[in-house]
Amino acid sequence: MNSKRQTLIETALTLFYRNSIHSIGINEILSVSGIAKKTLYHHFAGKEALALATLEARNLRFLQWLTNLLDGAKNDQDVIDKLFHGLNDWFHDKVPELDSFRGCFFINTCAEFSAEDCAISQYCRQHKEQVRHLIQQALSNQDASFVDLICLLKEGAISSAYVSQDREAALKCIPMLKAVAH
């Protein structure tokens, strides 16, 4: 990938995740990245295209982290432990590849771009489907309601950790899930 394009994506992702997409202007991205406006528009049709590129970059990063996290899980209880301890690490800023915890970039972004036919909100939904699929693949219990329970608790833990500042939310999910996982 072109290094200037990559720099624009990384700069925008950092700024968007930290502050929100709507609050960051193109000029701020250019100032922080040190890249000219003409170069930005050579690579991206506009801010929405850049936002989509940041979602793609974050999606790849998150899915790789989740894949590595769940790799080698021996059983469903191990999947639960790995997933929710991994989330706990993220909430406590111990996952450098996911940056300092500011909630879920996809939930935050979808709240900014709520129109159902918007490419950005569609991408956010696609990310959640991919995460669900990865979790489901790691489980031996393929029951849809069990997968739903894990994913709903995961989403709730992320929201609670960010909105309510309950950084222990992920750990609170483990006993609940283990009670139904056996």
Side-chain angles (χ1 to χ4, degrees), residues 12-24 51 54-73 75-116 118 120-182:
L13 176 56
T14 299
L15 292 170
F16 291 163
Y17 183 53
R18 190 179 303 143
N19 303 291
S20 83
I21 293 172
H22 288 319
S23 71
I24 298 296
T54 66
L55 287 166
E56 290 169 6
R58 181 65 177 200
N59 181 52
L60 289 173
R61 191 172 298 157
F62 190 88
L63 293 178
Q64 186 61 56
W65 170 76
L66 184 59
T67 299
N68 292 340
L69 184 70
L70 299 178
D71 190 43
N75 54 44
D76 291 351
Q77 291 196 1
D78 199 22
V79 170
I80 291 165
D81 278 334
K82 286 175 174 273
L83 176 62
F84 287 91
H85 282 282
L87 290 171
N88 186 64
D89 286 345
W90 179 34
F91 301 165
H92 289 91
D93 298 327
K94 295 178 183 175
V95 182
E97 62 266 37
L98 297 182
D99 304 315
S100 294
F101 181 71
R102 300 278 302 149
C104 173
F105 185 52
F106 299 90
I107 293 172
N108 299 347
T109 299
C110 198
E112 288 189 78
F113 296 87
S114 59
E116 286 185 28
C118 171
I120 289 175
S121 62
Q122 289 174 356
Y123 194 92
C124 293
R125 282 192 297 279
Q126 178 185 338
H127 165 78
K128 294 299 180 181
E129 290 167 10
Q130 290 175 323
V131 169
R132 176 183 168 52
H133 180 72
L134 263 177
I135 292 168
Q136 186 173 23
Q137 281 184 312
L139 295 165
S140 59
N141 181 349
Q142 296 288 303
D143 180 65
S145 60
F146 181 61
V147 178
D148 285 344
L149 179 62
I150 291 171
C151 291
L152 289 169
L153 285 173
K154 174 190 68 67
E155 295 299 325
I158 293 168
S159 294
S160 290
Y162 185 56
V163 176
S164 302
Q165 295 295 297
D166 180 2
R167 298 296 169 109
E168 305 306 313
L171 299 180
K172 293 175 183 177
C173 297
I174 295 171
M176 291 182 270
L177 285 165
K178 284 189 173 183
V180 297
H182 53 348

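When a residue number appears, it is its place in the shown sequence, counting from 1.
Within a 6.0 Å sphere centred on CD of E116, other residues, nucleotides and ligands contribute 12 heavy atoms or fewer. By the 6.0 Å contact criterion, NE2 on H133 is open, its count of non-hydrogen atoms from other residues, nucleotides or ligands being 12 or less.
Screening residues 148-161 for salt bridge (charged side-chain N to carboxylate O under 4.0 Å, His left out) gives K128-E155, R132-D148 as the qualifying pairs, with residues at least two apart or on separate chains.
Side-chain contact between L98 and F62 is present, with heavy atoms from C-beta onward closer than 4.5 Å. In this structure the side chain of L83 never reaches within 4.5 angstrom of the side chain of H85, judged on heavy atoms. In this structure, the side chains of T109 and F113 come closer than 4.5 Å at one or more pairs of heavy atoms. Under the 4.5 Å side-chain criterion, counting only non-hydrogen atoms from C-beta, I150 is not in contact with V79. The shortest side-chain heavy-atom distance between E112 and I120 does not fall under the 4.5 Å cut-off. Side chains of L177 and F84 form a contact here, defined as non-hydrogen atoms less than 4.5 Å apart.
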Give the intermediate values and the outcome of salt bridge (Lys or Arg N to Asp or Glu O under 4.0 Å) for residues D71 and K82.
-> CA-CA 9 Å; D71 190 43; K82 286 175 174 273; over 6 Å; no

Trace of the salt bridge (Lys or Arg N to Asp or Glu O under 4.0 Å) decision for D99 with R18 | CA-CA 9 Å; D99 304 315; R18 190 179 303 143; over 6 Å; no

Full working for side-chain hydrogen bond (donor to acceptor under 3.5 Å, both in side chains) between S145 and D143 = CA-CA 6 Å; S145 60; D143 180 65; 2.3 Å; yes

Q64 and N68: CA distance, side-chain angles, deciding distance, side-chain hydrogen bond (donor to acceptor under 3.5 Å, both in side chains) verdict | CA-CA 6 Å; Q64 186 61 56; N68 292 340; 3.0 Å; yes

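Side-chain contact annotation: Y123 with N59, donor-acceptor N/O pair under 3.5 Å present.
We find the CG-CG distance between N141 and L149 to be 10.5 Å, quoted to the nearest 0.5 Å. Atom-to-atom distance recorded for Q122:CD and L55:CG is 12.0 Å, nearest 0.5 angstrom.
A cation-pi geometry, defined here as NZ or CZ lying under 6.0 Å from the six-membered ring centre and within 45° of its normal, holds between R58 and Y17.
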